[in-house]
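Here is the structure we will look at, set down as structure tokens.
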There are 2 protein chains.
Amino acid sequence: MYMDKTANEAFDPLSLDNQLCFALYACSHEVMRRYAPLLAELDLTYTQYIAMMALWESEPLSVKELGERLKLDSGTLTPMLKKMEAKGLVSRCRDAKDERRLVVSLTDEGRGLRESALRVPLEMSKCVDLEPYEAQELHRLLHKVLSSFGDA
Amino acid sequence: MYMDKTANEAFDPLSLDNQLCFALYACSHEVMRRYAPLLAELDLTYTQYIAMMALWESEPLSVKELGERLKLDSGTLTPMLKKMEAKGLVSRCRDAKDERRLVVSLTDEGRGLRESALRVPLEMSKCVDLEPYEAQELHRLLHKVLSSFGDA
DNA sequence: TCACATTTAATTGTATACAATTTAATTGTT
DNA sequence: AACAATTAAATTGTATACAATTAAATGTGA
């Protein structure tokens, strides 16, 4: 997974700057770093933020469903959801119909946080210097890469 | 930082699917997961792999220089470099001219690993379903986002 | 030159990530 | 019903990430 800009002259497949994967990695972390101060005002980490977005959209969700949505497993989610429960954002209850499932619901406080969170994506848009069509194209290409992995 | 595909009808700024940042986050992690089995054959993690790429290109590098290249800090690099030293891939020495600097160099084994690593980007290219121009455009857009953060 | 600011790594503490394993609950089959 | 197979979370162990602090070395100005 690398960029062959020349397709002609000598090309180094192991050059860091030619790696699409490194651009992806670095960009993802830089973006998360920019979110951190905004999210800190809401006492959320980035991963907690995307979990809240999933729940604001559809609730309740089992750990498995949330994991499929966020592409994270129980090893990541279980400790995080316990912290979110301790903060009063969500409640965690076993499903009475199927005790294997643990169902995550929003508390009133968790639901209420949505209002304050609205400003986060707005603020972030400001500091990303992409034309609207570029943002759309980037989004499309990222999803194309994701779906080439068998989607989800 | 979100995708407004419609720019017209009711649009939810907190919808997970509209988040460019989530596409970035999920894509980055999925790609890293695909690298893992290939890199495991070289006994490398993904972060160790990009550190090796930086060193294969330019060596030696101080921890600070490596951190600037990879956009990682000493809190991440110090423990990782110690593991890489323990595996015999790199050596870590204080700079005699400036004892504050810790200089990372490749061992012969570390240099030799480059040959086996050549197949990694080749293999990865195969499983990412992007046209060459799409890969270039994705690369360009990721760098544009990165540079809108004051570059590096 | 000598107090003081700056620079560079290392350390500390918190929070993911994820493979592999374990435990408990449910399902499918006989 | 009995029991093997499957499923869902939790747990374990390893490896990042990063903010904040610390410690040591170097640079700097009065």
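Below, chains carry the letters A, B, ... as their sequence lines are ordered, and counting in each starts from 1.
Checked against D/dA9, C/dT8, D/dT16, the side chain of A/Leu102 finds its nearest nucleotide in D/dA9. For B/Arg100, the side-chain atoms get nearest to D/dA25 when compared with the rest of D/dT7, D/dA25, D/dA9. Listed nucleotides C/dA17, D/dA15, C/dA9 differ in distance to B/Ser62; the shortest reach to its side chain belongs to C/dA9. Distances were taken from every side-chain heavy atom of A/Ser74 (C-beta onward) to each of D/dA17, D/dA9, D/dT26; the shortest belongs to D/dA9.
In this structure, the NZ atom of B/Lys83 is 12 Å from the C1' atom of D/dG13, given to the nearest Å. When the C1' atom of D/dA10 is taken as reference, atom NZ of A/Lys82 falls 7 Å away, rounded to whole Å.
Within the 4.0 angstrom heavy-atom criterion, no nucleotide atom of any strand lies near A/Leu77. Backbone-only contact: B/Asp98 has heavy atoms under 4.0 Å from sugar-phosphate atoms and none from a base. Residue contacts shown for A/Thr76 include a base, since a base heavy atom lies under 4.0 Å away.
Nearer the 5' end of DNA chain C, as judged by each residue's closest nucleotide, is the contact made by B/Arg92, out of B/Arg92 and A/Gln48. Mapped onto DNA chain D by nearest heavy atom, A/His29 and A/Glu65 fall at different nucleotides, with A/Glu65 at the one closer to the 5' end. For the pair A/Asp73 and B/Arg94, both in contact range of DNA chain C, the more 5′-proximal nearest nucleotide belongs to B/Arg94.
Judged purely by distance below 3.5 Å, without hydrogens or angles, the side chains of B/Lys83 and B/Gln48 never pair a donor atom with an acceptor atom.
Atoms CG and CG, from A/Leu38 and A/Leu122 in turn, are 10.5 Å apart once rounded to the nearest 0.5 Å.
Taking the six-membered ring where the residue is Trp, A/Tyr49 and A/Trp56 present perpendicular rings, their angle passing 60° and hence far from 30°.
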